[in-house]
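All remarks here apply to the structure that follows.
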Amino acid sequence: MPHAAGRVPSFLFMTVTRSLDAAEGSSSYNPDAIEQKWQARWEEQGTNFPDLDQGPRPFYQLMMFPYPSAEGLHIGNLYAFTGNDIHGRFQRLRGHTVFEPMGFDAFGIHSENFALKVGVNPMDLIPKNIANFRRQLRRAGLMLDWRHELSTTDPSYYKWTQWVFLQLLKRGLAYKKRAAVNWCPVDKTVLANEQVIAGHCERCGSPVEQRFLEQWFFRISEYAQRLLDNLDVIDWSESTKTAQRNWIGQSEGAEGRFEIRDSNLAITVFTTRADTIFGATYMVLAPEHPLVPSLTTAQQQEEVRAYVERTTHQDLVTRKVATDREKTGVFTGSYAVNPATGKDIPIWIADYVLMEYGTGAIMAVPGHDDRDFEFATKFGLPIVRVVAGEGEDARTPLDRPYTDNEAGRLVNSGPFDGMPVREGKKAIVQWLAERGDAKPVVNYRLHDWCISRQRYWGPPIPVIYCEKCGVQGVPEEDLPVLLPRIEDFRPDDSGVSPLARHQEWYHVRCPKCGGDARRETDVSDTFLDSAWYFLRYPSTEFEDRPFDSGRTRRWMPVDTYIGGNEHAVLHLLYTRFVTMVLHDMGHLEFEEPFKRFRAHGHIIREGAKMSKTKGNVVNPDRYIDEWGADTFRTYLMFIGPYEEGGDFRDASVSGVKRFLDRLWASALESRTDGTPDESVMRKLHQTIKKVGDDIPRLSYNTAIAAMMEYMNVLRAGERRPHRAEVEPLVRIVSPFAPHIAEELWERFGHRQGVFDSGWPEYDAARIEEDTIDLVVQVNGKVRGKVRVRRDILQDDALTAAMAEPNIAKFIGGPPKKVVFVPGRLLNVVV
RNA sequence: GCGAAAGUGGCGGAAUUGGUAGACGCGCGGGACUUAGGAUCCCGUGGGGAAACCCGUCCGGGUUCGAGUCCCGGCUUUCGCACCA
């Protein structure tokens, strides 16, 4: 065989050279060995395992825990975690004892569906996925305290999830009621809303129906006002707070009573537009409204029955999506009395009125509401104007509804004619209230939280039904209610959880009377698992309590919580709710779980969203193999503002690698003889300040840019840097690139790790220069700059500026006005 | 439709309070060292112009000595909610 050496491409050659270079410590470093070395050492020495009982200045740095998918760690997870880790490492350098735990949110329909697809029991699948996640997280160099790892699927964890349920049950905040679910008649299973695509099952494509099942709910709506009010006092991203406010959806209005003609019944409605009551020309009930049967007259019986049948069978998603949906409805045959006008108005049924909001019934004012207008037009119902805008009066025809509820005055409204809308609202409610027909009411969009899932892969809801004793919470000493291993966990036609098929598990003795009883077969929502996990982390070693009071007092509430804004509403609202309930029951001393919350942005790839179908998903393993974890971490943070996300471009990674190579070279080449350069040191102090200011603001991209800028100064003109110019840089870069920092720190001869070295102080006096470039403008346009003393006064600055011919030529005559910003700028107006 | 955020070079993005627009990085151009360069280092790089200068932060107005930043009107994009009375 001929010798192949001559045909070896040069880049292979290059690789060899590069790794030799690394061994000798010259221009480029080899991350592999260094990263493995330090990951192993951190573990051996417990570097990242803080003493939770003794350490000074505890700081709880929490990130949203991942769902351990079979595909492994997603770049989005790593982006989130790295940003979190940098903040945590920084706090540690600032002298805090930092607790940065990690766990796995492994229950839920996601895992279950995947398990069904590949035909493996999730009990076998999840541990493998978790092991893979652990491996990947380790490689990323996160400062995680693995001693406090948790998984929501572990009985020692969900025992306490069940305990949380029992607390709510005890408190009267958990209750059962019949509620609609999406049902796929072909797959014979309950579907989550996001599994319904345009009214069809995501998996088999068949039309989805609505079914009614008994389900468990938590009364979160009772906490609506408190959840809303506390938003004013917590330090959270504004966008997140706004999303929560909108979700809670407080609206102030009134409830009004409308009596039924020739009957002793009455309909209660909720309205925010009591001012328009004179224009209420008909009423509408939701199809599920309990009064529907009693209000339907004999002739209308058939039509109403058919309509109710049809609408209630539609799936929840289609029914709620309003776009392009034509209004439908049916007349009940009955009439109500408008309490303002005394006139009879017809009562209709229509699915544009929702049973879940307000009272499930409305007074329809077609003149001043888009939906009512559309409905009235279609069914030929009367439309009356009761508000007139500017230039309009009572007779101005309404070719479209007038919905402005600020401007305008009341018309056709009896004694209230001429009143501005705002005043009219109050006056009319008061007028009706005096007659017992109305009262002011605050309503919320927030609905109670349905926690039942007719599925297998979740914590069984700890409830027992006894024929004699009724609904019983499982006694706390009998927890956990173990999820039995069953091989056939496929959902079936019965609409109940697969657990019902497990006879030995299903039949149980009543904890009260010892008689025959059966278990609740629904499992709880994954959002319940994640609603309290942060309470568990510091207390994972305690088997006999969900969270230890000493640990909790020491570590909670969480100092900084970081996560995606996709959880702005549900997860973050549920954690707040559960925390409030546990506080009210005396289990916790605080009622808000997270002092500070920041939402990170999302990474896209080359301008497009990452998706499996497009095949542009970034696999973190590949990048860490190629560039090393330090480069990868730093690059992720350099892409863009952490809270906004950014665009991952393969080509750009090299810039960051080059920066770390230059750091490596500067450190190894640095001299200890002689003195450091004055102006380099000034830049260093500026950089320490900048990076220290940027990290707490999560402005990681600008912090990195500042360090790169310093690197350019440090190495300008191929100078050989002084050790004192490099050491502090190694410390401030360490949160971003922890392995290389540890390695260099050790090579500098320090025995203690870099993360215990503290954050370098900057010398404020050293940052400012004595002379500055003062910008000179003429009529607001920059015409030049002059080198002057920092503390120069206006007159001297003007003199200096006039002395520059390039500036003086624009000034010509005497200045009309001079604007002077000390230390910055001089603007001469002529 | 409602709500939130954002529109800046060829690209990702800087510009804490109105005060040098384009930091930093990618890419690109030139050079040095080289048998070689997809390594390293140096210089340059918003557009127009030989230059003096002029023009430039989505579009149109406005406030101001001065506007990417503030105000009014519009357009576009992304995300969230979606018949909430």
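The structure displayed is predicted, hence computed values, not measured ones.
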Most 5' of A:V775 and A:T271 on RNA chain B, judged by nearest nucleotide:
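In this pair, the answer is A:V775.
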
Select from A:N779 and A:R824 the residue whose nearest nucleotide in RNA chain B is closer to the 5' end of that strand.
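With A:N779 and A:R824 compared, the 5'-side residue is A:R824.
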
Please tell me which of the listed nucleotides, [options], lies nearest to the side chain of [X]?
X      : options                : value
A:T242 : B:rG12, B:rA15, B:rG3  : B:rG3
A:D647 : B:rC24, B:rA85, B:rG12 : B:rG12
A:R649 : B:rC11, B:rA23, B:rA14 : B:rC11
A:M708 : B:rG19, B:rC24, B:rC65 : B:rC24
A:N827 : B:rG19, B:rC26, B:rC53 : B:rG19
A:S652 : B:rA52, B:rC26, B:rA4  : B:rC26
A:V819 : B:rC53, B:rG19, B:rC24 : B:rG19

Nearest-Å distance once atom [atom1] is located in both [N] and [M]:
N      : M      : atom1 : answer
B:rC83 : B:rG68 : P     : 43 Å
B:rC28 : B:rC11 : P     : 15 Å
B:rA14 : B:rG7  : C1'   : 16 Å
B:rU63 : B:rG12 : P     : 34 Å
B:rG66 : B:rA21 : C1'   : 14 Å
B:rG13 : B:rC58 : P     : 15 Å
B:rG25 : B:rG9  : C1'   : 14 Å
B:rA23 : B:rU45 : P     : 10 Å

Nearest-Å distance for atom pair [atom1]/[atom2], residues [X] and [N]:
X      : N      : atom1 : atom2 : result
A:R715 : B:rC42 : CZ    : P     : 8 Å
A:W247 : B:rA4  : CH2   : C1'   : 15 Å
A:Y352 : B:rC83 : OH    : P     : 13 Å
A:M610 : B:rU78 : CE    : P     : 17 Å
A:K781 : B:rU20 : NZ    : P     : 16 Å
A:E238 : B:rG80 : CD    : P     : 20 Å
A:I604 : B:rC79 : CD1   : C1'   : 12 Å
A:F648 : B:rG25 : CZ    : C1'   : 14 Å

Report which part of the nucleic acid [X] touches: base, sugar-phosphate, or nothing (heavy-atom distance under 4.0 Å, all strands).
X      : result
A:A243 : nothing
A:K690 : nothing
A:R445 : base
A:I639 : sugar-phosphate
A:D369 : nothing
A:E709 : sugar-phosphate
A:V829 : sugar-phosphate
A:V782 : sugar-phosphate
A:D370 : nothing
A:F820 : nothing
A:K241 : nothing
A:N701 : sugar-phosphate
A:S699 : nothing

Heavy-atom donor-acceptor pair, [X] side chain to [Y] backbone, under 3.5 Å:
X      : Y      : result
A:H368 : A:V387 : yes
A:T82  : A:Y79  : no
A:Y307 : A:D351 : yes

N/O (side chain, [X]) to phosphate O (OP1/OP2, [N]) under 4.0 Å:
X      : N      : answer
A:N443 : B:rA85 : no
A:K785 : B:rU20 : no
A:R783 : B:rC54 : yes
A:N405 : B:rA85 : no
A:K657 : B:rU40 : no
A:R662 : B:rC41 : yes
A:S654 : B:rG25 : no
A:R658 : B:rU40 : yes

Can you tell me the Watson-Crick or wobble partner of [N], both distances under 3.5 angstrom?
N      : answer
B:rU69 : none
B:rU16 : none
B:rU45 : B:rG27
B:rG3  : B:rC79
B:rU40 : B:rA32

Please say whether the positively charged group of A:K683, taken as NZ for Lys or CZ for Arg, lies over the ring of A:Y710, i.e. under 6.0 angstrom from the six-membered ring centre and within 45 degrees of the axis.
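No.
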
Taking the six-membered ring of A:F648 as reference, does the cationic atom of A:R605 (NZ for Lys, CZ for Arg) lie under 6.0 Å from its centre and within 45° of its axis?
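Not satisfied by the 6.0 Å and 45° rule.
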
Ignoring hydrogens and angles, does a donor from either the side chain of A:E566 or the base of B:rG80 sit under 3.5 Å from an acceptor on the other?
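A donor-acceptor contact between them is absent.
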
Does any N or O donor sit under 3.5 Å from an N or O acceptor when you compare the side chain of A:K816 with the base of B:rC65?
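No such pair is found, so the answer is no.
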
Using the glycosidic torsion, which applies to B:rG9: syn (within 90° of 0) or anti (everything else)?
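Syn conformation for B:rG9.
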
Tell me, yes or no, whether the heavy-atom count around A:K378 atom NZ, taken from other residues, nucleotides or ligands under 6.0 Å, exceeds 12.
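Yes, enclosed.
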
CZ (A:R422) with more than 12 external heavy atoms under 6.0 Å:
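No, the 6.0 Å shell around CZ holds no more than 12 heavy atoms from other groups.
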
Shortest non-hydrogen separation from A:A797 to A:F820 and the atoms involved:
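It is CB-CE1, 3.7 Å.
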
Heavy-atom closest pair, residues A:T240 and A:W236:
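That would be CG2-CE3, 4.0 Å.
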
Classify the side-chain pair A:D370/A:T403 by whether it contains a donor and acceptor separated by less than 3.5 Å.
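A:T403 and A:D370 do not have a side-chain donor-acceptor pair below 3.5 Å.
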
